[in-house]
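First up is the structure itself, then whatever we jot down about it.
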There are 2 protein chains.
Amino acid sequence: MKWDTLDEEPCSLSRTVAVVGDRWTLLILRECFLRVRRFEGFQSSLQITRHLLSERLKKLVRFGILRRVPYSEAPKRYEYILTQKGLDLYPIIMAMVHWGDTHMGDERGRPLLHEHKTCGKQFDPVMVCSECGETLHAKQVHVHAGPGRKEMTGL
Amino acid sequence: MKWDTLDEEPCSLSRTVAVVGDRWTLLILRECFLRVRRFEGFQSSLQITRHLLSERLKKLVRFGILRRVPYSEAPKRYEYILTQKGLDLYPIIMAMVHWGDTHMGDERGRPLLHEHKTCGKQFDPVMVCSECGETLHAKQVHVHAGPGRKEMTGL
DNA sequence: AGCTATAGTTCTAAAATAGAACTGTCAAAT
DNA sequence: ATTTGACAGTTCTATTTTAGAACTATAGCT
């Protein structure tokens, strides 16, 4: 496939997959949300090869998900900070964490617990309809082509 | 990396990534939610090589996300149906679609629109706290180690 | 001058993917 | 009775990606 133009397909899922649809990128983003910011930090916690880490970070910067911000002049050193576009990936990451909690758990229990500072409780993420607030299920959703598409061949 | 044992890591994100963390798998799942069920259907709409499609479908069946159901004896033919575990991936897919709609759009407008049959309106998915119902934002969440983990190195 | 920390780049071997052709079963058409 | 076509894969080679390790560069510290 022409993965290099996947981000221009008339399908929002394809476009997202073009940016975050590989294993290393998702794991790097996990570290970002856990407040890792530096090259050595990513490298040592993920055991990713330096080459690939360098490449993935460049790609995330190119797509505007991370900002490369200097934190030291002489020697010039940079750290990688989530932009708003990057922070907006949180529902994707949390949805994946929640699915893993639900369907891939073992006898040891959940690896991590999430506390909502606003209400103080331990929570799970729930996806709801922006209009009526009801929990969303695949079967209650009808999909139809929008302006960005003639024929229907994607999500 | 040892991608073959990623699904046993003490991290729910890793475990999910082990199953759906590659481009073809995500695109195959998109087709599943668009009601594609058969080998030829996936192959022709995705232009994936038959080899990879075969391999990915096997993997999804192995992980219990699709069921391989016969729809014809003589010749034996099968179709691939989402299980409940598979249907539960919907929030992940929708979160990705929504991020794409928001951040990867072009002048042509959205490729697809989603209608919530329950309320009849065109909607966006929103991720809320299961306890208080408020919209979730990364910065309002505090993460701490659960029973499935001693040290904290994941989500 | 030598050691360490940080942030990469370069190199080769191994693994994954692309692309096309091939296999096998059966139904319908000639 | 033989050919054609649909379906669901499998097999093969060439190309691309990734793994793993070593190397480069800048600067502070002793």
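Naming convention: chains lettered A, B, ... in sequence-line order (proteins, then strands); numbering from 1 in each chain.
Screening A/V97, A/L27, A/L26 for a side-chain contact (heavy atoms from CB on, under 4.5 Å) with B/S14, the sole residue that qualifies is A/L27.
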Decide side-chain contact (heavy atoms from CB on, under 4.5 Å) for B/L53 and B/L46; before the verdict, give the C-alpha distance in whole Å, the side-chain angles of both, and the deciding distance to 0.1 Å.
CA-CA 9 Å; B/L53 175 57; B/L46 292 174; 5.5 Å; no
B/Q84 and A/H103: side-chain contact (heavy atoms from CB on, under 4.5 Å), yes or no, with the steps?
CA-CA 10 Å; B/Q84 187 58 50; A/H103 291 290; 5.6 Å; no
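Look at B/R38 and B/E31 and you find no salt bridge, because none of the NZ, NE, NH1 or NH2 atoms lies under 4.0 Å from a carboxylate O.
Side-chain contact of A/T49 with A/H51: a donor-acceptor pair under 3.5 Å is absent, judged by distance alone. Residues B/R68 and B/Y80 have side chains that bring a donor and an acceptor to within less than 3.5 angstrom of each other.
For the pair B/A74 and A/K76, nearest-nucleotide mapping onto DNA chain C gives the more 5' position to A/K76. Residue whose closest nucleotide on DNA chain D sits further toward the 5' end, between B/R77 and B/E55: B/R77. Checking A/E79 against A/H51, the closest nucleotide of DNA chain C that is more toward the 5' end is the one next to A/E79.
When heavy atoms are screened at a 4.0 angstrom cut-off, A/K58 is found touching the sugar-phosphate backbone but no base atom. Within 4.0 Å (heavy atoms only), B/F42 reaches no atom of the nucleic acid at all. Within 4.0 Å of A/R23, counting heavy atoms only, lies no atom of the nucleic acid at all.
Rounding to whole angstrom units, CG of residue B/L27 and P of C/dA18 are separated by 11 Å. Atom CG of B/L52 is separated from atom P of C/dA18 by 5 Å (rounded to the nearest Å). The distance from atom CD of A/Q43 to atom C1' of C/dT6 is 12 Å, rounded to the nearest whole Å. Separating the CG atom of A/D22 from the P atom of C/dA16 is a distance of 15 Å, rounded to the nearest angstrom. The separation between A/Y80 atom OH and C/dA7 atom P is 8 Å, rounded to whole Å. The CG atom of A/L53 sits 13 Å away from the C1' atom of C/dT9 (whole-angstrom rounding). Taking atom CH2 of residue B/W3 and atom P of nucleotide C/dT17, one finds them 12 Å apart after rounding to whole Å. Atom P of nucleotide C/dT9 and atom CZ of A/F39 are separated by 8 Å, given to the nearest angstrom.
For DNA chain D, the outermost nucleotides in 5' to 3' order that have an atom under 4.0 Å from a heavy atom of chain B are D/dA6 to D/dG20.
Ring planes of A/H114 and A/F123: perpendicular class, angle over 60° (limits at 30 and 60°).
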